[in-house]
Amino acid sequence: MCTQPATVPPACISLMAIAELRDVLTALELGQGPTAIAGLMAIDAESWQAIEHRLATVGGDLRRLLERAGAGPLT
C-alpha cells in the first residue's frame, strides 16, 4: 500500500491563454486598460492556476507583473 500522496502534475497554460496574456501586457503598455481587462477575463481557469503557480515559483504575483508592464501601481 502506498502511503505517500500521489503528486498532481502542474496545470498547463493553453496556447490561447499565452496569447491572451501577451496581448494583456501589450495593452497595458499602450495604456489600453479596458482591452487588458477583457484579455484577462478571456483566460481559462486551468491556465490561470498554471500562471499563478509559475509566478509564485519565481517569487512574483500577477499584480506585480501587471504593474511592471503598465504605467504604475494598480489602484
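Any value given below was found using the heavy atoms of this structure, including those in side chains, with hydrogens, waters and symmetry copies removed. Treat the numbers as computed from the prediction; the structure is a model and nothing was measured.
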Nearest atoms (heavy-atom pairs only) where Glu20 meets Gly39 = OE1-CA, 3.5 Å

Mind checking the CG-CG spacing from Leu21 to Leu40? Nearest 0.5 Å is all I need.
-> 7.5 Å

Where do Ser14 and Ser47 come nearest, in terms of heavy atoms and distance?
-> N-OG, 3.0 Å

Going hydrophobic residue to hydrophobic residue with side-chain gaps under 4.5 angstrom, can you get from Val24 over to Leu15?
-> yes

Separation between CD of Gln49 and CG of Asp44, rounded to the nearest 0.5 Å | 9.5 Å

Calculate, to the nearest 0.5 Å, the distance between atoms CD and CG belonging to Glu52 and Asp61 respectively.
-> 9.5 Å

Hey, any chance Ile18 and Ile51 share a hydrophobic cluster, counting ILVMFWY side chains that come within less than 4.5 Å of each other, even indirectly?
-> yes

